Amino acid sequence: MSRYKSRCIIAVIFVIIILAGCSRQLTEEPDMTEEVIVLRFGHYAIEDHPANTAAALFAENVEKRTNGKVIVEIFADGQLGTPPEMLEQNIIGSIDMSLPTQGALDKYSKKFATVMLPFVFDNYKHAYRVLDGEFIEWVEDDLDKQGLIMLANWEYGFRNITNNTRPIITPDDIIGLRLRTPPEMQLQLAMESLGANVTKIAFPEIYLSLKQGIVDGQENPLTIIYYNKLYEVQKYLTMTRHTYNCMVHVVSKKTWETLTKEQQEIIREESITAGNWMRGEVQKEEVEILKKLQDEGMIITYPDRSVFKEKMKYAYNAISTYAGIENVEYFLQLVEESR
């Protein structure tokens, strides 16, 4: 064989090796061309609140476990709108995730209205057994019809009353007080059942309304009272623990269907992890918050809740009319079975 032919053969072999290497590189690294999914996650808690910390934990773990293929952008403190507005955006798919409470969700499924029946839960563990059990299966079809997928229950907490007029020890101490509640009818009805004059005021306006004396008091979980510094404009805290509700982590069905099965599993698992972390953190913080509120000068009372519950007949009747008596009866059955 001539030297020229040998060189040609070597050159051809060299080209084949290069082409084979390029082909192998393309087939071995397809993930480099995969699209990164960015999810917009809106909620209304301020940045220091445990809900926002839980959201950050969720986002970090999802990005890590999906190797950066799913990134969650968090919009805290109502940046994307009021709670009802964010939920509406979530339903139509203009944002991907949100954290509505049952009070917001009951506009779309009356079953959620049953959760906020006054004095229905004994404690946190009791509430978790109910809401993490058959309740999820009971409501998931209603959420699906609205274009939502429920990922997990997070936390918000038991609600308590603050005011500037007097300490509350018996239900009669509430008669005549001007109390602010959010739009949720269950909370309005509970306070009206106790004889309060209820006023609906938007959440961002609570502090100023209390400071100016437009209302005497309000009701909210301890974390909200503390992180929003309501202790600066309120003197008395009453641990009524009259209503429990929690944030519900939901995702748009449109978004959900764009994810792979593996990504869906990761997102659901990390939502449960973040929700459980938040539950533990809120309960731990409540002990610390009570001490801090006392140090800030608040006078704290611990009334007999059973006496207050006896006043709830009006609220229960009205909520049953709104939610449907069959829904209320089924929910109360779940409550009793979980005791």
Side-chain angles (χ1 to χ4, degrees), residues 45 49-51 101-103 115-128 130-131 155-182 184 186-196 198 203 206-207 210 215-247 278-312 315-316 335 339:
H49 191 276
T101 62
Q102 288 90 3
V115 175
M116 295 174 66
L117 285 163
F119 300 99
V120 74
F121 296 115
D122 300 333
N123 49 46
Y124 279 112
K125 288 184 178 180
H126 184 207
Y128 300 160
V130 174
L131 299 181
E155 190 56 279
Y156 204 47
F158 282 94
R159 304 177 77 95
N160 303 283
I161 301 171
T162 67
N163 84 97
N164 263 334
T165 303
R166 53 182 171 265
I168 297 171
I169 299 172
T170 72
D172 288 347
D173 295 323
I174 296 179
I175 295 174
L177 288 181
R178 296 169 299 160
L179 296 182
R180 176 269 177 188
T181 72
E184 285 85 349
Q186 298 93 325
L187 301 173
Q188 297 172 32
L189 290 166
M191 295 301 100
E192 288 173 355
S193 294
L194 296 170
V198 175
F203 184 79
I206 294 178
Y207 186 97
L210 294 169
V215 287
D216 301 313
Q218 60 84 54
E219 52 81 55
N220 256 305
L222 288 177
T223 51
I224 298 297
I225 294 168
Y226 179 72
Y227 283 106
N228 290 274
K229 299 184 177 182
L230 300 186
Y231 56 84
E232 294 180 347
V233 289
Q234 294 279 267
K235 185 174 181 179
Y236 302 103
L237 166 64
T238 308
M239 296 296 291
T240 48
R241 299 168 75 84
H242 51 273
T243 305
Y244 173 85
N245 64 344
C246 65
M247 293 176 163
M278 186 181 174
R279 284 174 167 179
E281 189 67 13
V282 166
Q283 290 180 58
K284 182 179 73 174
E285 282 198 354
E286 283 192 350
V287 177
E288 300 168 355
I289 285 172
L290 281 170
K291 177 68 166 58
K292 291 176 180 178
L293 293 177
Q294 201 164 23
D295 291 343
E296 291 290 343
M298 291 198 85
I299 297 171
I300 305 173
T301 56
Y302 297 83
D304 182 351
R305 296 174 71 245
S306 65
V307 178
F308 284 71
K309 185 175 181 178
E310 291 173 359
K311 300 286 186 178
M312 292 296 119
Y316 269 61
V335 168
R339 279 202 159 92

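Here the structure is a predicted model, which is why all the values come from computation and not from measurement. We number each residue from 1, following the sequence as shown.
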Holding to side chain to side chain donor-acceptor pair (under 3.5 Å), I want the full list of residues that pass it with [X], two or more places apart in sequence or in another chain.
| X | result |
| --- | --- |
| Y207 | E232 |
| E288 | none |
| T101 | none |

Using modelled atom types only, decide if a donor and an acceptor are shared between the side chain of [X] and the backbone of [Y] within a distance under 3.5 Å.
| X | Y | answer |
| --- | --- | --- |
| N163 | R166 | yes |
| R159 | E219 | yes |
| D304 | S306 | yes |
| H126 | D122 | yes |

Legend entry - All ring-ring contact (aromatic ring centres under 6.0 Å, His included) counterparts of Y231, not counting sequence neighbours: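 Once residues adjacent in sequence are excluded, the partners of Y231 under the ring-ring contact (aromatic ring centres under 6.0 Å, His included) criterion are Y226.
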Legend entry - Pairing residues for F158 by the ring-ring contact (aromatic ring centres under 6.0 Å, His included) criterion, not counting sequence neighbours: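 ring-ring contact (aromatic ring centres under 6.0 Å, His included) list for F158, sorted by chain: Y124, Y244.
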Quick one: pull up [atom1] in [X] and [atom2] in [Y] and give me the separation to the nearest 0.5 Å.
| X | Y | atom1 | atom2 | result |
| --- | --- | --- | --- | --- |
| C246 | R279 | SG | CZ | 6.5 Å |
| I161 | I174 | CD1 | CD1 | 3.5 Å |
| Y156 | I224 | OH | CD1 | 3.5 Å |
| N245 | Q102 | CG | CD | 5.5 Å |
| L187 | Q218 | CG | CD | 11.0 Å |
| L230 | E296 | CG | CD | 12.0 Å |

Shortest non-hydrogen separation from [X] to [Y] and the atoms involved:
| X | Y | result |
| --- | --- | --- |
| T240 | F119 | O-CE2, 3.4 Å |
| N160 | L222 | ND2-CG, 3.9 Å |
| H49 | T223 | NE2-OG1, 3.3 Å |
| A51 | M247 | CB-SD, 3.6 Å |
| V335 | F121 | CG2-CE2, 4.4 Å |
| E285 | P50 | OE1-CG, 3.5 Å |

Run the side-chain contact (heavy atoms from CB on, under 4.5 Å) test against [X] and tell me which residues pass, sequence neighbours left out.
| X | result |
| --- | --- |
| S193 | M312, Y314, A315 |
| I299 | K235, Y236 |
| I169 | D173, T301 |

Sub-4.5 Å side-chain heavy-atom contact between [X] and [Y]:
| X | Y | value |
| --- | --- | --- |
| T170 | V307 | no |
| L177 | I168 | yes |
| N220 | I206 | yes |
| D295 | K291 | yes |
| K309 | P118 | no |

Inset, instruction - Applying side chain to side chain contact (heavy atoms under 4.5 Å, CB included), run through T243 and E184 and close with a yes or a no. - result: CA-CA 11 Å; T243 305; E184 285 85 349; over 6 Å; no
Excluding sequence neighbours, so at least two apart, what forms salt bridge (Lys or Arg N to Asp or Glu O under 4.0 Å) with [X]?
| X | answer |
| --- | --- |
| R180 | none |
| D216 | R178 |
| E281 | K284 |
| E155 | none |

Inset, instruction - Check the pair T162 / I225 against side chain to side chain contact (heavy atoms under 4.5 Å, CB included), numbers first and verdict last. - result: CA-CA 9 Å; T162 67; I225 294 168; 3.7 Å; yes
Inset, instruction - Please say which of E310, H242, R241 ends up in a side-chain contact (heavy atoms from CB on, under 4.5 Å) with R305. - result: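 Of the listed residues E310, H242, R241, the side-chain contact (heavy atoms from CB on, under 4.5 Å) partner of R305 is R241.
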Legend entry - Trace of the side chain to side chain contact (heavy atoms under 4.5 Å, CB included) decision for L194 with L179: CA-CA 11 Å; L194 296 170; L179 296 182; over 6 Å; no
Inset, instruction - Determine, stepwise, if the pair V215 / L210 fulfils side chain to side chain contact (heavy atoms under 4.5 Å, CB included). - result: CA-CA 6 Å; V215 287; L210 294 169; 3.7 Å; yes
